[in-house]
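Written out below as structure tokens is the structure these notes cover.
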Amino acid sequence: MVKYQLLDTFKYSIDESVISRTDGVEAEYQRRINGYSTVVTRMYPKLFKSEEKNGTKDPLFFVETLDVNGLISQIYRKSAEITNLNNDIPGVAK
């Protein structure tokens with residue numbers, strides 16, 4: 001399995017004799033954001049550039065890699081543990 005690379009890192013692996021770096025990054029971005037295991041949020045980041053004060057046109061997204069799935073699983077387990085611990089607290093302490 002290929003290690004997941006950030007787009008900022010990926011752009012340096014593009015062979016510019018085949019495709020321009022800009023077009024290559026855009027193609028990879030579209031492949032990722034439209035992928036089966038991609039979760040697209042309704043959040044639009046506000047960057048430091050003054051022309052993007054209201055946020056970018058591109059939504060935040062993440063790809064559910066094995067690492068991400070493992071972290072999500074840990075969150076659910078810890079959440080269940082917290083719920084169980086909360087249920088064991090006497091009513092007067094709640």
| query | Looking at OG of S73 and NZ of K78, how far apart are the two atoms once the value is rounded to the nearest 0.5 Å? | reply | 11.0 Å

| query | Given the rule in the side-chain contact (heavy atoms from CB on, under 4.5 Å) test, do Y44 and L60 qualify, once you have shown the distances and angles that lead to the verdict? | reply | CA-CA 6 Å; Y44 295 83; L60 291 176; over 6 Å; no

| query | OH/Y36 to OG1/T38 distance, rounded to the nearest 0.5 angstrom? | reply | 11.0 Å

| query | Are Y29 and F61 near enough that their ring centres are under 6.0 Å apart? | reply | yes

| What residues, two or more places apart in sequence or in another chain, satisfy side chain to side chain contact (heavy atoms under 4.5 Å, CB included) together with T9? | Q5, L6

| remark: Residues Q30 and N34: closest non-hydrogen pair is O-ND2, 2.9 Å

| request: Could you pull out the closest heavy-atom pair between V40 and P59, with the gap in Å? | output: CG1-CG, 3.6 Å

| task | Taking the six-membered ring of F62 (Phe, Tyr or Trp), confirm whether the NZ or CZ of R32 is under 6.0 Å from its centre and within 45° of its axis. | result | no

| Hydrophobic cluster membership, V68 vs I33, 4.5 Å side-chain cutoff | no

| In terms of hydrophobic clusters joined by side-chain contacts under 4.5 Å, are I75 and L85 together? | no

| query | Do V39 and Y4 share a hydrophobic cluster (ILVMFWY, side-chain heavy atoms under 4.5 Å, transitive)? | reply | no

| task | Would you give the length of the straight line joining atom CZ of R21 to atom NZ of K11, rounded to the nearest 0.5 angstrom? | result | 7.5 Å

| note | Separation between OG1 (T83) and CG (D88), nearest 0.5 Å, reads 11.0 Å

| Distance in Å, E26 CD paired with I19 CD1, rounded so as to fall on 0.5 Å steps | 10.0 Å

| task | For the residue pair S17 and D15, confirm or rule out a side-chain donor-acceptor distance under 3.5 Å. | result | yes

